[in-house]
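Heads up: numbering here begins at 1 and tracks the sequence. Quick note: numbers below take in every heavy atom, side chains included, and nothing from hydrogens, waters or symmetry partners.
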Amino acid sequence: MSDPLIMQAMARLVPHGARVLDLGCGDGALLAYLQQHKGCTGYGVELDDTNVHACVQRGVNVIQLNLDEGLSLFADQSFDVVLQIDTLQHLRNAETMLRETVRVGQIGIVAFPNFAHWFNRLSVLQGRMPVTKRLPYQWYDTPNIRVGTYADFGDLARKNQLRIMDAFGLQQGQEVRWMPNLMAGTAVYKLQRS
């Protein structure tokens, strides 16, 4: 999530001064950006020791926690916004974490690689797993334990009775609202409990 264009696109969805929980915050770059440019406060949640150290170096409050164990540490609606940017595809129980995201936050923002992007489809038609800027790993060393599409996520949100406040794709940092399932490398959803 270090791509500046994607960080700016995510920041546009976060209200100024919001209290933010960033799940799977990596090195804390997005949360630091939100603190600096949007006056946000909050915490990152990260498991990796190196990333936790990087967060501390950036001045980002971070909690070292395995997200697969849930968010019982946090009360209902304790944050204005809960971010799951490039996190969902790494989790063992993505559906539970999605419900936890909107329980802990008034708003949840989820973004993940859209495996239905036209280039990924073309790669599969050629008999290969896609390798792109958004999916830079080979099939045998990817940290992604699941694949999802823009359309699939919409179905999952509706199944869990979540209200989709906004949904679009991102391609090279630009919003894609026309055929995002086909035209966007990243799927973005802004959600809340119904």
Side-chain angles (χ1 to χ4, degrees), residues 1-14 22-27 29-31 33-34 37 48 51 67-68 81-102 105 107-192 194:
M1 188 39 60
S2 60
D3 184 321
L5 293 174
I6 294 177
M7 281 200 306
Q8 291 168 11
M10 295 299 103
R12 286 193 298 268
L13 297 171
V14 177
D22 187 356
L23 304 177
C25 68
D27 65 6
L30 178 57
L31 198 49
Y33 182 92
L34 291 171
H37 297 283
D48 181 76
N51 284 334
L67 290 174
D68 281 319
V81 178
V82 175
L83 301 171
Q84 262 199 72
I85 312 301
D86 279 349
T87 303
L88 198 63
Q89 71 272 16
H90 303 288
L91 300 175
R92 300 228 177 267
N93 198 337
E95 189 171 9
T96 298
M97 188 51 63
L98 178 60
R99 288 191 300 266
E100 284 286 274
T101 295
V102 296
I107 295 171
I109 298 172
V110 179
F112 57 92
N114 175 27
F115 281 80
H117 182 248
W118 71 267
F119 186 84
N120 298 339
R121 294 179 191 201
L122 181 60
S123 293
V124 172
L125 281 173
Q126 294 172 340
R128 300 286 183 183
M129 289 301 292
V131 177
T132 67
K133 184 177 178 183
R134 285 291 291 130
L135 300 167
Y137 302 98
Q138 294 292 331
W139 66 271
Y140 53 84
D141 68 355
T142 182
N144 298 318
I145 61 172
R146 62 186 76 255
V147 296
T149 71
Y150 178 93
D152 288 333
F153 188 86
D155 292 343
L156 179 63
R158 286 183 283 279
K159 174 186 171 212
N160 283 277
Q161 293 146 0
L162 303 179
R163 181 174 162 252
I164 299 171
M165 302 168 67
D166 196 6
F168 56 91
L170 287 174
Q171 185 62 31
Q172 297 179 338
Q174 301 299 312
E175 286 187 17
V176 176
R177 293 192 179 267
W178 180 75
M179 297 180 61
N181 198 48
L182 180 66
M183 304 303 291
T186 300
V188 180
Y189 279 83
K190 185 175 181 180
L191 309 155
Q192 66 183 181
S194 294

Is there a side-chain contact between Q8 and H37 in this structure, where contact means two heavy atoms from C-beta onward sitting under 4.5 Å apart? no
For the residue pair N181 and T149, establish whether any side-chain heavy-atom pair is separated by less than 4.5 Å. yes
Inter- and intrachain pairs under side-chain hydrogen bond (donor to acceptor under 3.5 Å, both in side chains), touching residues 107-124, at least two apart: H117-Q171
Going by the side chain to side chain contact (heavy atoms under 4.5 Å, CB included) test, name the single residue among L13, L31, L34 that passes it with L83. L34
What pairs meet the salt bridge (charged side-chain N to carboxylate O under 4.0 Å, His left out) rule with one or both residues in residues 160-172, with sequence neighbours excluded? D166-R177
Residues forming a side chain to side chain donor-acceptor pair (under 3.5 Å) with T87, sequence neighbours excluded: none
Rounded to the nearest 0.5 Å, what separation is found between the CG atom of L67 and the CG atom of L88? 10.5 Å
Are the side chain of D68 and the backbone N or O of R92 linked by a donor-acceptor pair below 3.5 Å? yes
Could you measure the distance from the OH atom of Y33 to the CE atom of M7? Nearest 0.5 Å is fine. 7.0 Å
Does Q172 CD have over 12 foreign heavy atoms under 6.0 Å away? no
Applying side-chain contact (heavy atoms from CB on, under 4.5 Å), name anything that partners V82, two or more places apart in sequence or on another chain. L21, L23, F79, T101, V104
Test of understanding: with side chain to side chain donor-acceptor pair (under 3.5 Å), list the residues that count as partners of N160, not counting sequence neighbours. E95, R99
Point-to-point distance, once rounded to the nearest 0.5 Å, from CE of M183 to CD of Q174: 13.5 Å
List the residues meeting ring-ring contact (aromatic ring centres under 6.0 Å, His included) with F168, not counting sequence neighbours, and say none if there are none. none
Shortest non-hydrogen contact between G169 and A184, atoms and distance: CA-CB, 3.5 Å
To the nearest 0.5 Å, what is the distance between NZ (K190) and CZ (R12)? 12.0 Å
Does the side chain of M97 come within less than 4.5 Å of N93's, by heavy atoms? no
Check for a donor-acceptor pair, side chain of R146 on one end and backbone N or O of H90 on the other, with a separation under 3.5 Å. no
So, applying side chain to side chain contact (heavy atoms under 4.5 Å, CB included) with L191, which one of I109, I107, I164 is it? I164
Roughly how far, to the nearest 0.5 Å, is CG of N51 from SG of C25? 7.0 Å
For V176 and L170, the nearest pair of non-hydrogen atoms, with its separation, is CG2-C, 4.3 Å
Over all heavy atoms of both residues, which pair between D86 and F112 is shortest? Give the atoms and the distance, please. OD1-CA, 3.9 Å
If the condition is ring-ring contact (aromatic ring centres under 6.0 Å, His included), which residues does Y189 pass it with, not counting sequence neighbours? Y150, F153
Among residues at least two apart in sequence or on other chains, which ones pass salt bridge (charged side-chain N to carboxylate O under 4.0 Å, His left out) with D141? none
